[in-house]
Amino acid sequence: MHPLILAIESSCDETSASIIQAGKVLNNVIASQTVHQKYGGVVPELASRAHQQQIHHVVNEALTSADIRPQQLNAIAFTRGPGLLGSLLVGVSFAKGMALGLQLPLIEVNHMEAHVLAHFIDEPKPSFPFLCLTVSGGHTQLVLVHDYLNMEVIGETRDDAIGEAFDKAAKMMDFPYPGGPLIDKYAQLGNPKAFKFPHTSIPGLDFSFSGIKTAFLYFLRDNKKNEPRFAELFRHDICASLQAHLVSMVMNKLKEAVLQTGINRVAIAGGVAANSGLRKSLQEQAAHSGWGVFIPDFEYCTDNAAMIAIAAHYKYLAKCFASLDVAPLANLAIGD
Ligand code: KG4
Ligand code: ZN
């Protein structure tokens with residue numbers, strides 16, 4: 001089978017569309033929303049409105065740049081959740097409208113499963129089973145991936161996501177949203193051992209990032225008492241130290257998961273997988289302990305429709321179609 005599928009992603013603040021043919025991604029059109037920057041976080045109502053304004057152009061661009069007419073498509077795929085309800089609704093409704101108008105089957109995709117399946121867009125592809133650490137602005141999960149359509153969450157955050165910890169720390173230093181990439185940028189010029197933060201790990205494979213967020217707030221407050229420009233003067237060292245700390249927190253859990261499962265094929269996914277400290281640390285661990293490590297292209301780390309398209313491809317082959325009355329689910333979990 002050589003299905004030709006249009007996939008739509010609208011779970012948070014990127015409107016994206018992608019065309020996939022016979023499992024090969026033809027394009028990945030992404031319109032990012034800049035309207036949230038001045039608020040220091042995504043404003044759900046504004047995100048939903050921006051999706052409504054952009055989705056038609058983004059889908060059109062995906063079709064025309066791949067030289068595909070809508071009538072040639074075999075299915076329409078969309079992100080059902082998890083995500084912001086108002087944002088998801090725009091993509092779901094647009095996909096339903098197209099499927100109804102063109103008399104095509106619909107494919108619903110779980111956004112978190114799609115982050116994992118982004119590893120099957122390009123070579124090298126991991127063989128099953130493998131472990132995937134999915135780290136984004138909304139999630140931090142350790143996933144045991146048995147197959148394309150069979151995955152199990154074996155650890156996850158009990159409070160904040162790691163991306164949220166990056167972004168909140170960045171906000172405390174007055175960086176614009178999302179601050180994660182800026183912390184990464186400044187960290188590359190700093191000393192990761194300049195400052196120490198308390199280790200607030202919980203037992204087992206679950207994560208917790210609320211403690212480090214508070215510790216970082218007090219760290220800045222205390223140091224600013226002596227030097228009001230502390231955050232500015234020591235920006236590179238602060239970013240490098242915080243990043244090294246957050247990376248070591250997730251690396252420790254990954255090592256634990258490899259020990260517990262006996263699986264040493266390890267992948268990372270999600271927006272924070274773009275972090276240079278995490279990528280480097282994973283590569284060093286691979287060289288040191290013989291792990292097989294899989295790191296996606298930057299383009300497929302943050303939210304994008306190509307990952308929805310590859311997930312939809314495998315669902316099409318398995319004949320997993322959605323009905324027209326499917327509704328978005330803000331807290332859809334892996335395995336639901
Ligand atoms: O997967 P994603 O695009 O959206 C969600 O589903 O959340 O992830 C966005 C998150 C944000 O928190 C952003 O700050 C973070 O990924 N991020 C990074 C980097 N690039 C993106 N965090 C640290 N270092 C980076 N280079
Ligand atoms: Zn995401």
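Just so you know, residue 1 is the first one in the sequence shown, and it goes up from there. Indexing begins at 1, ligand by ligand and atom by atom, following the structure's order.
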Taking [atom] as the reference point, the nearest protein heavy atom with its distance:
atom                    : answer
atom 4 (O) of ligand 1  : Asp303 OD2, 3.1 Å
atom 24 (N) of ligand 1 : Asn275 ND2, 2.9 Å
atom 15 (C) of ligand 1 : Val272 CG2, 3.8 Å
atom 7 (O) of ligand 1  : Gly137 N, 2.8 Å

Under 4.0 Å from a heavy atom of [X]: which atoms of ligand 1 are those, numbered in the order shown and with their elements?
X      : result
Gly138 : 7 (O)
Ala274 : 20 (N), 26 (N)
Asp184 : 24 (N), 25 (C), 26 (N)
Ser136 : 1 (O), 5 (C), 6 (O), 7 (O), 8 (O)
Pro178 : 14 (O)
His115 : 1 (O)
Gly163 : 12 (O)
Gly271 : 1 (O), 2 (P), 8 (O), 16 (O), 17 (N), 18 (C), 19 (C), 20 (N), 21 (C)

Could you tell me whether His199 and His245 have their ring centroids closer than 6.0 angstrom?
yes
May I ask you to check whether Phe230 and Phe195 place their ring centers less than 6.0 Å from one another?
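Yes, ring centres under 6.0 Å apart.
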Short N-O contact, Arg229 and Glu232, less than 4.0 angstrom:
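Yes, Arg229 and Glu232 are salt-bridged.
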Verify whether one side chain among [X] and [Y] offers a donor that lies under 3.5 Å from an acceptor in the other.
X      : Y      : answer
His111 : Ser11  : yes
Asp159 : Ser208 : yes
His139 : Glu156 : no
His51  : Thr15  : yes
Glu14  : Thr302 : no
Thr79  : Glu9   : yes
Glu256 : Asn252 : no

Would you say NZ of Lys225 has more than 12 non-hydrogen atoms from neighbouring residues, nucleotides or ligands within 6.0 angstrom?
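Yes, NZ of Lys225 has more than 12 neighbouring heavy atoms, counting only those of other groups under 6.0 Å.
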Does atom NZ (Lys125) have a neighbourhood of more than 12 heavy atoms from anything else shown, all under 6.0 Å?
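Result for NZ/Lys125: enclosed.
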When only distance counts, is Phe166 in polar contact with ligand 1, meaning an N/O pair under 3.5 Å?
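No - when backbone and side-chain N and O of Phe166 are compared with those of ligand 1, no distance drops under 3.5 Å.
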Is the shortest N/O to N/O distance between Gly179 and ligand 1 below 3.5 Å?
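By distance alone, the answer is no.
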For residues 303-336, pull every pair meeting ring pair (Phe, Tyr, Trp, His ring centres under 6.0 Å), keeping only residues two or more places apart or in separate chains.
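Non-adjacent pairs meeting ring pair (Phe, Tyr, Trp, His ring centres under 6.0 Å): Tyr148-Tyr314, Tyr316-Phe321.
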Under a 4.0 Å heavy-atom limit, does [X] contact ligand 1 with its side chain, its backbone, both, or neither?
X      : result
Glu14  : neither
Asp167 : side chain
His111 : side chain

Fit a plane to each ring of Phe175 and Tyr186, take the angle between them on a 0 to 90° scale, and name the class: parallel (under 30°), tilted (30 to 60°) or perpendicular (over 60°).
tilted
Heavy-atom closest pair, residues Cys132 and Ile268
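Closest approach of Cys132 to Ile268: SG-C, 4.3 Å.
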Looking only at heavy atoms of Cys12, does any of them come nearer than 4.0 Å to an atom of ligand 1?
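Cys12: no contact with ligand 1 (<4.0 Å).
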How about the Zn ion (ligand 2), which protein N, O or S atoms come within less than 2.8 Å?
His111 NE2, His115 NE2, Asp303 OD1
